[in-house]
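Step one of this worksheet: look at the structure below.
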Amino acid sequence: MSFVEYSDCIQDGDVAIVYLNHNSVMPVKVQHGAQTQTRYGVIRHSSDLIGQRYGSKVTCSKGGWVYVLHPTPELWTVALPHRTQILYTTDIATITMMLELKPGSVVCESGTGSGSLSHAILRTIAPTGHLHTVEFHQQRAEKVQEEFTEHRVAHLVTVRNQDVCKDGFGVSGVADAVFLDIPSPWEAVGHARAAMKRQAGGRLCSFSPCIEQVQRTCQALVDQGFEEISTLEVLLRVHDVRTVSLPLPDFGPDSRTETSPNHAAISLKTTTAPREMPGHTGYLTFATKPRT
């Protein structure tokens, strides 16, 4: 099992994603002899998981069932333990596209946080790219390094525990793209430029929840010679699909048709917009370092 490679069957030591329902998934470290308790009963790893194919439907001890799925960055984003506020798929998809990431890309990231974006970057740049990620908090840096090793992507990433605003990314002239998710990104723009490839240019993205942070970051980008500076906000609106019953119109008596009482209504699938929706997550500021 790896977050960047696919395996058919569940093996001892894998991290599997247990799908309980549309709104509930959980990561499970598969271990011989271990058990996992769910609302539908116990899952016994030795008999229920090890050797089964990913995507299998597993019956729990109380008779309920779950699906056991191969881990992906998308599933990890909704299942991971939160050590910080994380980025979700809506923003992640825009970031990976706008940074022009591809297999072989070298990326610098700060801060690592809970590793939600990191896993998506690693899947995109594998098998020959590399991620240099910086986390200020020592315990978070150590924990995310453990997760990268457990998820078998440690060969694609270097984790550094340092202050990116003071010490930079620990590399110079190697990055195709830089991502900043820190309280004062304007203080790291100079280090970001130094980390990027000198001749080839590159792309930068900064995520900030407050417009005042965006203003100061944009000014720092201008001062450092970045071009094509733009800020956007991605809003997700999920529609609810449901079955509704609508009455058939009554146009009065008509000798040509006969309307049966049993056919006075019709059922159909439709969608409804949410009455309330989560709005602002953060602003994404993108910029290009020109070729020199």
Would you kindly say whether S114 and R140 are connected by a side-chain donor-acceptor distance under 3.5 Å?
no

Heavy atoms of other groups near F207 CZ, more than 12 under 6.0 Å:
yes

Could you walk me through whether Q219 and D223 satisfy the side chain to side chain donor-acceptor pair (under 3.5 Å) test, starting with their C-alpha distance in whole Å, then the side-chain angles of each, then the deciding distance to 0.1 Å, before giving a yes or no?
CA-CA 6 Å; Q219 185 59 56; D223 295 342; 3.0 Å; yes

Check: N161 side chain, E135 main-chain N or O, donor-acceptor pair, under 3.5 Å
yes

Heavy-atom side-chain contact between L204 and F179 under 4.5 Å:
no

Measure up the H132 and H130 rings against each other and bin them: parallel (under 30°), tilted (30 to 60°), perpendicular (over 60°).
tilted

Ionic contact status for R216 with E187, cut-off 4.0 Å:
no

Is the distance between the ring centroids of H119 and F3 under 6.0 Å?
yes

Determine whether the side chains of T272 and H239 contain a donor N or O and an acceptor N or O closer than 3.5 Å.
no

Specify the closest pair of heavy atoms between G113 and T84, including all atoms of both residues, with the distance to one decimal.
CA-OG1, 3.5 Å

Look at D176 together with K197 and state whether they make a salt bridge at an N to O cut-off of under 4.0 Å.
yes

Is the shortest side-chain heavy-atom distance between T124 and V107 below 4.5 Å?
no

Which heavy atom in T285 sits nearest to a heavy atom in L221, and how many Å separate them?
CG2-CD1, 4.0 Å

Transitive ILVMFWY side-chain link I50 to V66, under 4.5 Å:
yes

Is the shortest heavy-atom distance from the side chain of V15 to the side chain of M1 under 4.5 Å?
yes

Salt-bridge criterion met for K143 and E150 (N-O under 4.0 Å)
no

Verify side chain to side chain contact (heavy atoms under 4.5 Å, CB included) between S118 and V157, making sure each step is shown before the conclusion.
CA-CA 9 Å; S118 306; V157 58; over 6 Å; no

Would you say the side chains of D91 and T281 form a donor-acceptor pair under 3.5 Å?
yes

Nearest heavy-atom neighbours spanning C60 and I43
SG-CG1, 3.8 Å

In terms of hydrophobic clusters joined by side-chain contacts under 4.5 Å, are V164 and V174 together?
yes

Between atom OG1 of T112 and atom CG of D181, what is the distance when rounded to the nearest 0.5 Å?
10.0 Å

Scan E109, E147, Q145 and name whichever one has a side-chain contact (heavy atoms from CB on, under 4.5 Å) with V159.
Q145

Are there more than 12 heavy atoms of other residues, nucleotides or ligands under 6.0 Å from atom CD of E5?
no

For I92 versus S116, what's the shortest heavy-atom pair and its separation?
CD1-OG, 3.6 Å

Does the pair H280 and E233 meet the rule for a side chain to side chain donor-acceptor pair (under 3.5 Å), with working shown?
CA-CA 8 Å; H280 175 74; E233 183 181 18; 2.6 Å; yes

Between S2 and H151, is there a side-chain donor-acceptor contact under 3.5 Å, judged purely by atom types and distance?
no

Please identify which of these residues, T158, L156, V153, I125, meets the side-chain contact (heavy atoms from CB on, under 4.5 Å) condition with L131.
I125

Taking the six-membered ring for Trp and the full ring for Phe, Tyr or His, determine whether the centres of Y6 and H70 are under 6.0 Å apart.
yes

Can you name the nearest heavy-atom pair linking N21 to N23, along with the distance?
OD1-N, 2.9 Å

So, T288 and R203: side-chain donor and acceptor under 3.5 Å apart, yes or no?
yes

Y283 and I211 have their tightest heavy-atom pair at CE1-N, 3.7 Å

Are L101 and V234 joined in one hydrophobic group, where the rule is that I, L, V, M, F, W and Y side chains link up if heavy atoms are under 4.5 Å apart?
yes

Is there a donor in the side chain of Q213 and an acceptor in the side chain of S184, or the other way round, less than 3.5 Å apart?
no

